[in-house]
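The chains referred to below are lettered A, B, ... by the order of the sequence lines, with proteins before strands, and numbering in each begins at 1. Because only heavy atoms are used, hydrogens play no part in the values below, and waters and symmetry mates are left out as well, while side chains stay in.
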Amino acid sequence: MKILVPVKRTASLDDEFEMRDDGRDVDADFCEYDINEFDEFSVEEAIKIKEAAGEGTVEVVVMTVGPEDADEVLRKCLAKGADRGIRVWDDALEGSDQMAIARIIAKVVEREQPELVLTGAQSSDHGFAQTGIALAGILGWPHGAVVSFLEYTPGAPSLAFRRELEGGLEQKASIPMPAVLTIQLGINRPRYASLRGIRQANSKPVDELSHTDLGLTDDQVGEAGSLSRIRRMYVPERGRSEMIQGTPAQQASRILQIIKDVRG
Amino acid sequence: MAGILIIAEHRQGQFRPVTLEAVAAAEKLQASSGESIAVAVIAPQPAVFVPWVSVSAVDEVVTVTTPNAEFDPDVTGTAVKALIAARKPSVVLMPHSVDSFGVAPAIAAELGVGFATDVFDLRYDGGELVATRAAYKEKVFVEIDFPGKETVLLTIRSNAFKPAGGTGQPAVTEISVPGIEPRTEHLGWQEPPASGGIDIPGAEFIMSVGRGVGDEANIEQFVELAEALGATLGCSRPIADNGWLPKARQVGQSGKLAANCKLYIAMGISGAVQHQWGMKHVENIIAVNKDADASIFTVAKYGVVGDMFEIAEELKAQAGGN
């Protein structure tokens with residue numbers, strides 16, 4: 001069987017940052033990039049299913065939608081044990097929202113025919129929590145969101161899982177295959193890549209595809225293929241803490257005074 | 001203009017009050033658009049929930065009867081899609097909840113309606129709907145619009161709007177939706193692990209540690225510090241996920257609400273919105289973080305930009321003598 005794991009390269013901001021000239025995102029010069037934290041867990045879950053099955057019975061394919069720099073996150077997944085990668089990009093994809101990205105992933109699903117797709121429950125930069133379930137909607141596949149436990153034996157007609165709800169309550173459920181699940185933080189303990197894994201990752205294949213390779217037209221991707229548009233991004237004026245200055249000893253002394261004042 | 005539709009939420013037979021926060025968001029839009037507000041109740045016995053949503057802002061309650069009691073994205077999705085087709089609302093609002101995560105994106109993808117999630121403010125700008133949300137660990141706000149979309153689906157962040165109140169007399173309309181077919185088999189519930197005597201909701205003084213603690217070996221000194229200060233020890237999600245502290249100590253949306261807390265010290269917690277949900281209401285928050293831009297400093301009354309270990313050592317040394 002095949003498991004497809006779409007991953008995202010997410011940005012975190014430097015201490016000081018500036019907006020892009022068009023005011024619709026942060027200038028990339030002030031961003032640091034890494035794999036989405038949630039995707040570390042979906043990749044791990046896929047590799048765990050692969051390892052629990054017999055040698056050569058499960059293939060884990062990781063994919064991302066992004067420019068060449070995004071190869072780095074695919075290599076990271078390959079180093080941990082994914083078998084091969086797919087990166088989809090061309091200039092027309094600039095400005096794609098989550099829905100357009102989901103449409104691209106759906107085309108990769110058509111091409112690859114996996115039985116299971118595991119995505120992160122959301123991304124650590126924007127936190128939309130849209131792509132995975134939008135993908136399921138496009139495919140018409142059964143799905144479960146915010147999965148905190150997963151039990152699946154390759155070849156079984158259904159899979160059982162738990163969804164983590166508000167307050168830590170979990171719903172136990174089962175859905176037929178093929179399926180899309182979005183994975184919650186903490187479902188497993190993501191591994192670190194071994195040195196051997198890192199070496200092997202360089203020889204694993206990463207296919208590069210454009211939207212036309214996948215049979216998508218220009219109006220299905222980019223801003224034209226999106227359901228939302230970022231109009232403006234800005235640093236809000238917000239209330240800010242009264243900052244306690246001084247040496248650590250002075251700061252601690254002030255904290256103790258506050259504790260005393262509040263606690264009486 | 002064809003009205004605002006809100007999808008009510010319930011779980012284990014209980015109404016979920018976040019629904020009334022979505023009603024309040026609708027009221028804000030209504031103030032400029034004048035549109036009517038309808039709430040949809042999708043449940044096996046929807047009548048049970050009608051009184052809960054009959055607040056003064058609501059003009060109509062539409063009910064859809066379903067075969068299964070617990071959340072199934074296909075059941076909710078089919079019902080909501082049918083309601084959107086029948087009513088052509090200009091705006092559909094759902095709570096930004098785990099159940100919405102499971103169905104709203106599929107609805108948006110299938111219908112091609114405008115879509116934004118985790119929205120905490122919304123307004124009309126010259127007839128155009130603008131939704132505001134945050135990004136990059138709450139460091140920036142983002143305005144989103146929906147060019148050319150006649151219907152826009154939004155999920156509303158909890159605690160962003162004060163729940164709508166008052167008593168209303170909405171008309172109740174039953175709508176029959178054909179083709180509702182459950183696809184998720186509900187197998188039961190798993191309650192969160194027993195708290196083992198840890199009482200975050202009841203504690204008046206909490207000191208929580210977050211990712212800044214860095215390593216499991218560093219936890220012990222904060223256990224000791226909490227004891228020395230007389231605080232209940234709490235934590236943010238990554239600490240509980242790593243198994244460094246029990247889940248019962250986790251403050252936040254998937255953990256506990258610091259319901260009775262008067263003083264909250266956040267050590268090495270950047271202030272993800274899910275954590276803030278559990279503590280930002282506390283009157284006296286002291287945040288210690290090495291990142292001067294951490295969003296925790298937008299909710300804390302007092303802030304220290306610095307090394308949480310240095311501060312902890314000083315606190316321990318100075319408190320020890322008392």
Side-chain angles (χ1 to χ4, degrees), chain A residues 11-13 15 26 99 102 121 125-130 133-134 136-138 142-146 160 162-176 185-186 227-236 238-244 248-249 251-253 255-256 258-259 262-263, chain B residues 70 73 97-98 101-102 105-106 108-110 112-118 130 135-136 139-147 183-192 205 229 237 241 247 253-255 262-263 284 286-287 291 293 297-298 300-306 310-311 314-315 318-319:
Chain A
S12 56
L13 305 185
D15 285 353
V26 173
M99 285 295 153
D125 52 2
H126 283 275
F128 291 116
Q130 294 179 6
I133 301 303
I138 294 166
H143 53 275
V146 194
R162 297 202 299 258
R163 304 169 55 229
E164 187 189 82
L165 307 171
E166 288 80 1
L169 179 71
E170 292 172 286
Q171 182 189 19
K172 298 190 237 182
S174 164
I175 51 175
L185 301 174
L227 300 180
S228 62
R229 182 181 67 175
I230 291 178
R231 156 194 281 231
R232 182 167 83 100
M233 195 179 278
Y234 61 101
V235 178
R238 287 184 282 205
R240 193 162 161 80
S241 315
E242 176 198 329
M243 288 300 172
I244 300 172
Q251 289 170 321
S253 154
I255 291 172
L256 289 172
I258 295 165
I259 294 172
V262 175
R263 303 277 297 158
Chain B
E70 297 309 339
S97 62
V98 177
F101 288 10
E110 287 173 69
V113 295
F115 186 43
T117 48
D118 201 15
V130 178
Y136 303 122
K139 288 182 179 179
V140 301
F141 285 4
V142 188
E143 285 184 351
I144 291 183
D145 58 15
F146 313 91
R183 201 159 53 164
T184 300
E185 191 188 349
H186 173 72
L187 300 174
W189 302 101
Q190 174 130 337
E191 299 290 336
F205 178 20
L229 296 176
R237 175 165 195 131
D241 275 354
K247 185 91 178 160
Q253 216 155 7
S254 54
K262 310 271 190 306
L263 175 60
N284 296 289
I286 306 171
D291 176 5
D293 285 325
F297 292 125
T298 66
K301 189 167 176 185
Y302 307 99
V304 172
V305 177
E310 272 180 31
I311 300 293
E314 283 294 342
L315 283 172
Q318 295 181 30

Whatever's closer than 4.5 Å to a heavy atom in chain A on B:Ala116 counts as backbone
For B:Val140 and A:Pro236, the nearest pair of non-hydrogen atoms, with its separation, is CA-CD, 4.1 Å
Intermediate values then yes/no, salt bridge (charged side-chain N to carboxylate O under 4.0 Å, His left out), B:Glu70 and A:Arg163: CA-CA 12 Å; B:Glu70 297 309 339; A:Arg163 304 169 55 229; over 6 Å; no
Applying salt bridge (charged side-chain N to carboxylate O under 4.0 Å, His left out) to B:Arg183 and not counting sequence neighbours gives B:Asp74
Turns out that what part of A:Gln130 lies under 4.5 Å from chain B's heavy atoms comes down to both
Practice problem: Could you tell me whether the side chain of B:Asn284 reaches within less than 4.5 Å of the side chain of A:Ile259, counting heavy atoms only? | Solution: no
Turns out that what part of B:Val113 lies under 4.5 Å from chain A's heavy atoms comes down to backbone
Sidechain N-carboxylate O distance under 4.0 Å for A:Glu164, B:Arg237:
yes
Checking A:Val235, A:Val26, A:Leu13 against B:Lys139 for side chain to side chain contact (heavy atoms under 4.5 Å, CB included), the one that qualifies is A:Leu13
So, the part of A:Ala102 with a heavy atom under 4.5 Å from chain B: the answer is neither
Whatever's closer than 4.5 Å to a heavy atom in chain B on A:Ala136 counts as neither
Under 4.5 Å to a heavy atom of chain B? For A:Arg232 that would be both
Chain A shares the most heavy-atom pairs under 4.5 Å, among B:Gly102, B:Ala108, B:Gly303, with B:Gly303
Comparing A:His126, A:Glu166, A:Arg240, A:Met233 against chain B, the one with the most heavy-atom pairs below 4.5 Å turns out to be A:Glu166
Of A:Ile255, A:Ile244, A:Leu165, A:Ile258, the largest count of non-hydrogen pairs under 4.5 angstrom with chain B goes to A:Leu165
Check: With a 4.5 Å heavy-atom cut-off, do B:Phe205 and A:Val262 have their side chains touching?
Finding: no
**Intermediate values then yes/no, side-chain contact (heavy atoms from CB on, under 4.5 Å), A:Ser228 and B:Phe146** = CA-CA 5 Å; A:Ser228 62; B:Phe146 313 91; 3.9 Å; yes
For B:Glu314, the salt bridge (charged side-chain N to carboxylate O under 4.0 Å, His left out) test, sequence neighbours excluded, returns none
Pair count under 4.5 Å, heavy atoms only, with chain A: among B:Ser97, B:Ala109, B:Ala287, highest is B:Ala109
Answer key: most heavy-atom pairs under 4.5 Å with chain A among B:His186, B:Glu310, B:Glu191 is B:His186
CD (B:Glu110) and CD1 (A:Ile138) are apart, to the nearest 0.5 Å, by 9.0 Å
Is the shortest heavy-atom distance from the side chain of B:Val304 to the side chain of A:Met243 under 4.5 Å? no
Checked A:Glu170, A:Met99, A:Arg229, A:His143 vs chain B; the most non-hydrogen pairs under 4.5 Å come from A:Arg229
Most heavy-atom pairs under 4.5 Å with chain A, out of B:Val305, B:Asp291, B:Leu263, belong to B:Leu263
Heavy-atom closest pair (A:Phe128 atom, B:Thr117 atom, distance to 0.1 Å) is O-OG1, 2.7 Å
Under 4.5 Å to a heavy atom of chain A? For B:Leu315 that would be both
Comparing B:Pro105, B:Pro73, B:Ala106 against chain A, the one with the most heavy-atom pairs below 4.5 Å turns out to be B:Pro105
The interface call for A:Arg162 against chain B, heavy-atom contacts under 4.5 Å, is side chain
Looking only at A:Ala134, A:Ala11, A:Gly186, most heavy-atom pairs under 4.5 Å shared with chain B are made by A:Ala134
Smallest heavy-atom separation, A:Gly167 atom then B:Pro192 atom, equals O-CG, 3.6 Å
If we only count heavy atoms from C-beta on, is the A:Gln171 to B:Trp189 side-chain gap below 4.5 Å? yes
